[in-house]
Peer 1: 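My structure is below; once you've seen it, I'll send some questions.
Owing to the predicted nature of the structure, the values given are computational and were not obtained by experimental measurement. The analysis underlying the following values was restricted to heavy atoms, covering all of them including side chains, and did not include hydrogens, waters or symmetry mates. Numbered from 1 within each chain, the chains take letters A, B, ... in sequence-line order.
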Number of protein chains: 2
Amino acid sequence: MHITIIGAAGMIGRKLAERIARTGKIGERPVNRLTLVDVVEPEAATDFAGERTALSADLSEPGTAERLIAERPDVIVHLAAVVSGEAEADFDKGYRVNLDGTRALFDAIRTDESYAPRVVYASSLAVFGAPFPPRIGDDFHLTPLTSYGTQKAMGELLLDDYTRRGFFDGVGIRFPTICIRPGKPNKAASSFFSGILREPLNGQEAVLPVDDDVRHWFASARAAVGFIEHAATMDTNRLGTRRNMTMPGVSATVADQIEALRDVAGDHAVNLIRREPDPAVARIVAGWPRDFDTTRAHDMGFRAETSFRQIIEVYLEDEMDGRRPDIANHKT
Amino acid sequence: MHITIIGAAGMIGRKLAERIARTGKIGERPVNRLTLVDVVEPEAATDFAGERTALSADLSEPGTAERLIAERPDVIVHLAAVVSGEAEADFDKGYRVNLDGTRALFDAIRTDESYAPRVVYASSLAVFGAPFPPRIGDDFHLTPLTSYGTQKAMGELLLDDYTRRGFFDGVGIRFPTICIRPGKPNKAASSFFSGILREPLNGQEAVLPVDDDVRHWFASARAAVGFIEHAATMDTNRLGTRRNMTMPGVSATVADQIEALRDVAGDHAVNLIRREPDPAVARIVAGWPRDFDTTRAHDMGFRAETSFRQIIEVYLEDEMDGRRPDIANHKT
């Protein structure tokens with residue numbers, strides 16, 4: 001089958017492409033063609049055994065979507081987006097890329113009447129806005145508090161409608177916050193959730209800007225790739241008309257994160273976390289969801305880690321070659 | 001103040017314009033200018049004492065929104081829409097008018113940085129889709145099952161985001177099914193809800209295509225105009241970021257409707273209802289919501305009728321000059 005990944009230069013897109021290149025499959029299904037698209041030409045999966053195409057293209061520019069659809073991929077994974085902070089700072093760009101780009105893709109598919117591919121749409125917890133119940137159920141309303149969340153929610157609605165009309169077979173997945181993100185800290189308010197684990201695991205100091213009782217919803221990057229693989233290959237009949245789901249994850253406090261780090265890497269690692277309260281970050285994070293009831297996604301076969309310790313183990317396996325920090329040497 | 005009503009040739013828009021012309025006010029606030037807009041030039045409120053402008057204009061055509069906004073109305077009531085059946089039959093037109101037209105309006109307002117009017121947005125129960133809980137709460141998710149409902153839900157999301165960003169001060173109101181609609185039967189699947197009352201009150205036969213236990217959510221046209229007046233003038237501070245609300249109404253079965261008709265107009269009127277089951281209509285109506293918890297709208301001061309009898313009384317007052325059917329003569 002032919003898979004097109006739009007947004008393939010991002011962390012999840014790259015990992016998905018690499019996994020497909022490594023296994024030659026998505027889920028159980030053989031992949032013989034892989035098209036990787038992003039605003040910068042994707043570099044992943046150069047070792048893919050099948051036909052690989054990498055393109056620099058912007059979905060929000062006229063003609064791009066039509067060009068991608070002309071190749072009639074069997075599965076389109078749509079991960080391309082302007083992230084939350086940028087969509088808030090640049091109103092026009094956020095709507096152009098996140099809403100108009102998505103709509104351009106969906107309409108290009110619709111226009112080809114004999115073509116109805118599987119479309120996997122990356123949505124976000126940002127579709128939800130406070131105040132929240134303690135656990136957010138599958139029928140909780142979408143009241144985003146950012147332009148990014150608004151755009152993602154509008155994309156969810158389009159996904160449902162275009163699927164209902166038979167234009168394609170859509171599955172929308174709301175990713176948990178990915179933890180531990182590999183790489184460097186970034187400017188996202190959520191950066192510290194990964195930083196307070198990743199930096200100590202690599203022997204470096206990390207700053208914790210919020211209280212230990214802050215609770216949030218997490219899954220590993222490996223689980224995120226697994227969600228996409230499952231969404232790309234699952235039997236969608238049971239989904240009915242509600243095509244968007246919150247993905248499973250682990251509800252954990254910062255304290256839970258720190259204790260899992262202590263279990264895996266000892267007190268020395270934990271001591272590398274420096275508490276430096278940042279009221280601005282605390283205020284942003286206070287508006288984020290803490291826990292979800294993901295019965296529906298679970299019933300549909302989506303799986304994530306079930307403890308924060310597992311999330312750390314996955315990071316060690318996937319990003320540190322399974323190497324554990326040298327705990328003995330560092331113990332005080 | 002200057003009020004612009006977009007969609008002023010429709011039943012609600014016309015009634016709103018006529019009420020403003022009659023009272024010279026919206027709510028408690030004097031209105032000295034009234035701009036009426038629709039795709040056909042609105043004919044209502046020619047007796048308005050202030051400055052009245054009636055325009056034939058299509059919001060989804062380039063430049064229309066900018067032209068309306070250049071007059072900087074204090075309140076914009078946005079009722080213009082392609083209705084459910086047409087949006088389902090003509091996919092492109094539905095999205096162009098209901099989504100792109102709304103967005104063009106909102107963006108024209110946004111572009112004028114020193115201008116932030118009150119915007120009253122007409123949404124719909126069609127933003128909700130089955131399966132439903134017995135009563136649909138204010139935090140039930142939006143899972144429309146029509147393109148119309150999808151477009152209205154996307155407009156709700158835009159309204160919230162544009163309000164949050166300070167571009168305008170939006171209030172979105174989800175109207176109950178208006179009953180008793182004046183005028184003739186139409187092709188809407190909901191037409192019979194009014195028809196089985198309106199026609200007998202006028203001494204004519206009406207067809208009932210569904211079972212007596214079908215339950216739905218209703219308010220009068222007078223209540224609908226009241227919702228808009230309140231939305232146009234209320235203190236919006238208490239609304240916070242959630243600007244869309246289901247309006248209050250009466251949850252009634254067809255049997256409740258018929259008993260209310262019997263109370264007001266006697267057996268003769270009821271005997272004019274001819275049962276003629278239509279499985280196609282029954283199937284459509286089975287997917288409609290039955291009852292709502294509208295605590296939030298009620299707390300915000302929105303009011304509707306509280307019994308179906310009242311709904312009929314309002315129709316008699318507003319559409320039949322308070323004239324009651326001559327019950328005695330008709331009683332068997």
Peer 1: Roughly how far, to the nearest 0.5 Å, is OG1 of B:Thr146 from CZ of A:Arg164?
Peer 2: 6.0 Å
Peer 1: Counting only non-hydrogen atoms closer than 4.5 Å, does A:Asp160 touch chain B with its backbone (N, CA, C, O), its side chain (CB onward), both, or neither?
Peer 2: neither
Peer 1: Measuring from atom CZ of B:Phe91 to atom CG of A:Asp161, what distance do you get when rounded to the nearest 0.5 angstrom?
Peer 2: 5.5 Å
Peer 1: Within the structure provided, determine whether A:Leu158 and B:Tyr95 are in side-chain contact (heavy-atom separation under 4.5 Å).
Peer 2: yes
Peer 1: Let me know if A:Arg165 has heavy atoms under 4.5 Å from chain B in its side chain, its backbone, both or neither.
Peer 2: side chain
Peer 1: Within a strict 4.5 Å, meaning less than it, do heavy atoms of the A:Asp138 and B:His141 side chains meet?
Peer 2: no
Peer 1: Against chain A, label B:Leu145 side chain, backbone, both or neither, depending on which of its atoms sit under 4.5 Å from a heavy atom there.
Peer 2: both
Peer 1: Side chain from CB out, backbone as N, CA, C, O: work out which of these in B:Asn244 comes under 4.5 Å of a heavy atom of chain A, or both, or neither.
Peer 2: neither
Peer 1: Can you say whether B:Phe167 sits under 4.5 Å from chain A via the side chain, the backbone, both, or neither, judging by heavy atoms?
Peer 2: side chain
Peer 1: Let me know if B:Ser147 has heavy atoms under 4.5 Å from chain A in its side chain, its backbone, both or neither.
Peer 2: both
Peer 1: Out of curiosity, B:Lys152 NZ to A:Leu157 CG, how far, rounded to the nearest 0.5 Å?
Peer 2: 14.0 Å
Peer 1: Just checking heavy atoms, which of residues 100-108 of chain B are less than 4.5 Å from chain A?
Peer 2: B:Asp100, B:Arg103, B:Asp107
Peer 1: Considering non-hydrogen atoms only, spot the tightest contact between B:Phe140 and A:Arg242 and give its length.
Peer 2: CZ-NH2, 4.0 Å
Peer 1: Just verifying a value: how many Å separate B:Thr143 OG1 and A:Glu156 CD, rounded to the nearest 0.5 Å?
Peer 2: 11.5 Å
Peer 1: With a cut-off of 6.0 Å (strictly less than), are more than 12 heavy atoms of other residues, nucleotides or ligands near CZ of B:Arg296?
Peer 2: yes
Peer 1: Go through A:Pro133, A:Gly129, A:Pro131, A:Gly137 and name the one with the most non-hydrogen pairs under 4.5 angstrom from chain B.
Peer 2: A:Pro131
Peer 1: Please state whether the side chain, the backbone, both or neither of B:Arg110 comes within less than 4.5 Å of a heavy atom of chain A.
Peer 2: side chain
Peer 1: Where does B:Glu88 contact chain A at under 4.5 Å (heavy atoms): side chain, backbone, both or neither?
Peer 2: both
